[in-house]
There are 2 protein chains.
Amino acid sequence: MTQEPHAARRTDAERNRTLILEVARDALARSGEVTMKSIAQQAGVGQGTLYRHFPTREALVLAVYRHDVGELVDAAKDLLAEHEPAEALRLWFDRLAAFGRVKHGLAGVLHAATRRDLSATYYQPVVDAIDRLLHAGRQAGQVRADVDAADVLLLVSFLWRADQDEDWDRRARHLLRIALDGLVTTR
Amino acid sequence: MTQEPHAARRTDAERNRTLILEVARDALARSGEVTMKSIAQQAGVGQGTLYRHFPTREALVLAVYRHDVGELVDAAKDLLAEHEPAEALRLWFDRLAAFGRVKHGLAGVLHAATRRDLSATYYQPVVDAIDRLLHAGRQAGQVRADVDAADVLLLVSFLWRADQDEDWDRRARHLLRIALDGLVTTR
DNA sequence: ACCTGAACACCGTTCAAGT
DNA sequence: ACCTGAACACCGTTCAAGT
């Protein structure tokens, strides 16, 4: 999950790309309902430019969250190194909650990802990270054996819901805790 | 959750309404991506007629599932009369899975419902049904005390996901079982 | 190479004109 | 009262024309 270096670009193109990403990140954090047109306008570029850099809405959303998804993926390994598997999973879920809070628009994207090629590149590392957590948990007898990463992603898919009110964060963590209780082995 | 009798309507209007509902039910069972236009066409009516009977897409979707939601709601009481609370909840989740399998389009609707007035009429009975199940479970010490109906609805919201492949039914039941394990009190 | 913005296809919804 | 379908506003995406 490393940031690949981009091919040489003209300076104006480079600048536009950065601008678009900044604007999109801001706008998407506020609401998942931003239009492509408004993003282009706020970035001060034509719609064609927006589409030259990001061929679809999906591509833009993924590019915006690329860095954060990377951190999430890396965190799985780190947490496993420092904690018991079940505890690592619990802590990772907390990060997931924090991530989900601002990440509108990921709703469809992360899931439609299973088939679509484009997002598969982003989807696979996430699946791998979850698999790593689940596998360690199973080895330690702390996580039930009949769940895979796809199950977990579906189970926490409420995180990408749009209607987040004030105390969404608390509620999200609470629900993740309940989901986790379902995932750990009943003693 | 009773079917309210409608005001007197002209025969052609009555017939159109029925036709639209039949077509919409069929189309929505197949996919949540049906357009209003295509529903009108298949029913052999103008788009204006469709909108005269159902002022928004949301209203149409809700009307289509009205009957099924009613059955779901009624089932909660019946199951509680015949089973232990935790078991009743388990069985109700099975019905929910069967319901969710064909019920695309309910995705947004059932959730946006919290605020919107229209859908609140349908939303409240569902909340009440879940509350009944939870309350009985708590009384019997079989369900954890820190969950409410809204939590449960969020936790099972993966049911309304669009990308349902072949063995979706099996997967859905499996995930509901996991969610349930998180909801029951750890002994 | 890259940028611009008018234009296209398609959606949900509305409304003037008909019976 | 109710029906019809052209029309509207708005979305994501494309493309001819410019630098």
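Within every chain, numbering begins at 1; the chains are lettered A, B, ... in the order of the sequence lines, protein sequences first and strands thereafter.
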Please walk me through it: do B:L89 and B:V184 pass side-chain contact (heavy atoms from CB on, under 4.5 Å)?
CA-CA 10 Å; B:L89 190 58; B:V184 298; 5.6 Å; no
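- Shown here are the side-chain hydrogen bond (donor to acceptor under 3.5 Å, both in side chains) partners of A:E22, two or more places apart in sequence or in another chain: there are none.
- Evaluation of the side-chain hydrogen bond (donor to acceptor under 3.5 Å, both in side chains) rule for A:R25 yields A:D68 as partners, not counting sequence neighbours.
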Starting from the C-alpha separation in whole Å, work towards a yes-or-no answer on side-chain contact (heavy atoms from CB on, under 4.5 Å) for B:D181 and A:D181.
CA-CA 7 Å; B:D181 284 350; A:D181 283 350; over 6 Å; no
Derivation of the side-chain contact (heavy atoms from CB on, under 4.5 Å) call for B:L80 and B:W92
CA-CA 9 Å; B:L80 275 175; B:W92 195 75; over 6 Å; no
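- For A:D26, the side-chain hydrogen bond (donor to acceptor under 3.5 Å, both in side chains) partners at least two apart in sequence or on another chain are A:R30.
- If you take CE of B:M36 and C1' of C:dT14, they are 13 Å apart, rounded to a whole angstrom.
- Partners of B:R170 by side-chain contact (heavy atoms from CB on, under 4.5 Å), not counting sequence neighbours, listed by chain and number: B:D167.
- Under 4.0 angstrom from either OP1 or OP2 of D:dC2 there lies at least one side-chain N or O belonging to B:R52.
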Report all side-chain donor-acceptor pairs from residues 146-153 of chain A shorter than 3.5 Å, counting only partners two or more places apart or in another chain.
residue : atom : partner : partner atom : Å
A:D146  : OD1  : A:R144  : NE           : 2.9
A:D146  : OD2  : A:R144  : NH2          : 3.3
A:D146  : OD2  : B:H174  : NE2          : 3.2
A:D148  : OD1  : A:A150  : N            : 3.2
A:D148  : OD1  : A:D151  : N            : 2.9
A:D151  : OD2  : A:D148  : N            : 3.1

Using the 3.5 Å cut-off, write out each protein N or O paired with an N or O of nucleotides 8-10 of chain D and the distance between them.
none

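- Residue A:V127 is grouped with residue A:L155 when hydrophobic side chains (ILVMFWY) are merged at heavy-atom distances under 4.5 angstrom, including chains of intermediate members.
- Within the 4.0 Å cut-off from OP1 or OP2 of D:dC3, at least one side-chain nitrogen or oxygen of B:H53 is found.
- Residues satisfying the salt bridge (charged side-chain N to carboxylate O under 4.0 Å, His left out) test with B:R173, not counting sequence neighbours, are B:D94, B:D169.
- One finds a side-chain N or O of B:R57 lying less than 4.0 angstrom from the OP1 or OP2 phosphate oxygen of C:dG12.
- For the pair A:Q41 CD and D:dG12 C1', the interatomic distance rounds to 14 Å; values are reported in whole Å.
- How far CG of B:L72 is from OH of B:Y65: 13.0 Å, rounded to the nearest 0.5 Å.
- The interatomic distance linking A:R17 (CZ) with C:dC3 (C1') rounds to 16 Å, in whole Å.
- Candidate nucleotides D:dC2, C:dC3, D:dT13 were compared by shortest atom distance to the side chain of B:D12, and D:dC2 ranks first.
- Of the side-chain N and O atoms in B:N16, one or more sit less than 4.0 angstrom from OP1 or OP2 of D:dC3.
- Within residues 18-26 of chain A, no residue is approached by DNA chain D to less than 4.0 Å at the level of any non-hydrogen atom.
- To the nearest angstrom, C1' of C:dT13 lies 13 Å from CG of B:L60.
- Judged by closest nucleotide on DNA chain D, B:A13 is the one of B:A13 and A:K37 placed further toward the 5' end.
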All N/O donor-acceptor pairs, side-chain side in residues 41-53 of chain B, below 3.5 Å, sequence neighbours left out:
none

Taking only N/O atoms, report every protein-nucleotides 15-17 of chain D pair under 3.5 Å with atom names and distance.
none

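- Using a cut-off of 4.0 Å between Lys/Arg side-chain N and Asp/Glu carboxylate O, B:R17 and B:E14 are scored as not salt-bridged.
- C:dG12 atom P lies 15 Å from atom CZ of B:F54, rounded to whole Å.
- Under the rule for a side-chain hydrogen bond (donor to acceptor under 3.5 Å, both in side chains), the partners of B:Q142 that lie at least two apart in sequence or sit in another chain are B:E84.
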Expected output check: what is the dot-bracket annotation of DNA chain D, where ( ) and [ ] are pairs inside the strand (brackets for crossing ones), | is paired with another strand, and pairs are Watson-Crick or G-U under 3.5 Å?
||.|||||...|||||.||
